[in-house]
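Below you'll find the structure, written out as structure tokens, and then a few comments.
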Amino acid sequence: MNVYPQIVEAARKGQKMLAVLIDPDRIDPKKTALLAAQAAHYGISFFMVGGSLLTEGEVSQTVKLIKSHAKLPVVLFPGHYFHLAPEADSLFLLSLISGRNPEYLIGQHVAAAPRLRRMDLEVIPTGYMLVLCDNLTTVSYVSQTLPIPYEKAGVAANTALAGEYLGMRLAYLDGGSGAAKPISPRMIRTVKQSINIPLIIGGGVRTPEALHMAFAAGADVVVVGTRLEEEPSLIADFAAVLHQFNKKKV
Ligand code: 1GP
């Protein structure tokens, strides 16, 4: 189940995608099972599994748990080269292009490469940009990088475009998990207008209104993690926004 062609095709048609992120560090197996079953029912696009601070083993278990409840693609969203699992479908191979820490621009990738060769994962090179949304999130701390300032939409756009010229297939603007507020619509619009690759937005999207704003500003894919892990039943409200944009009824 290759995810990248689906993202490109949806973006070409102006269709939106909604991804649910599960962090194996915080997983509640009952809630995740419920979320997986409901996500399939409500037409969510795909799952992501990952986090900044987890250990090997939990990733595989989480992917298997999701797969046992939902026939949806699972994309790995690794914080470390240990965070790989052959049970997943795809991998966002993240280059942290907002930062200047070589470890997250090439170091982790060198360590991951031989493992990836042994796994049959779809590898999607992704230009990953952190944005400072009021609070310092775990990912900024762990990666020891400076995020892009909230108001600097032009910096974000230039960074995303540089990523595209370097061969990245996706641009991912992230406030980080648990961000105090979502990325601004102005930054989303500015970045979207500057690039030709699909744009993913995540971090701090806690309400259907915030999801609506991100889609309306030009996000092709929006990722919701924390809020749905807390309250899986909200999936219906988030899905309603997705289908409103895609003009489908659930
Ligand atoms: C984090 O974009 C994701 O990388 C999701 O963030 O947990 O705040 O929804 P939240």
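Atoms within a ligand are numbered from 1 in the order they appear, just like the ligands themselves. Keep in mind that this is a model prediction, so the values were computed, not measured.
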Quick one: which of F92, Y172, Y104 gives a ring-ring contact (aromatic ring centres under 6.0 Å, His included) with Y128? Y172
I'd like to know if E230 and R206 make a salt bridge, using a cut-off of under 4.0 Å between side-chain N and carboxylate O. yes
For ligand 1, which atoms have a heavy atom of Y172 less than 4.0 angstrom away? 2 (O), 3 (C), 4 (O)
Look only at interatomic distance and state if G178 has a nitrogen or oxygen under 3.5 Å from any nitrogen or oxygen of ligand 1. yes
Below 6.0 angstrom between ring centroids: does that apply to H212 and F245? yes
When you compare the side chain of K192 with that of D220, does any pair of heavy atoms fall below 4.5 Å? yes
min-distance protein heavy atom vs atom 4 (O) of ligand 1 -> D174 OD2, 2.4 Å
Just jot down the ligand 1 atoms closer than 4.0 angstrom to any heavy atom of F77, in number order. 4 (O)
Here the atoms of ligand 1 under 4.0 Å from any heavy atom belonging to G203 are 2 (O), 3 (C), 5 (C), 6 (O), 8 (O)
Identify whether V223 and Y4 are in the same connected component of the hydrophobic contact network (ILVMFWY, side-chain heavy atoms under 4.5 Å). yes
Hey, does the Lys NZ or Arg CZ of K67 hover above the aromatic six-ring of F47, less than 6.0 Å from the centre and inside 45° of the axis? no
Among T138, T226, L21, I183, which residue places a heavy atom closest to atom 10 (P) of ligand 1? T226
Subset of ligand 1 atoms that lie under 4.0 Å from at least one heavy atom of G202: 2 (O)
Could you find the nearest protein heavy atom to atom 9 (O) of ligand 1 and give me its residue, atom name and distance? G225 N, 2.8 Å
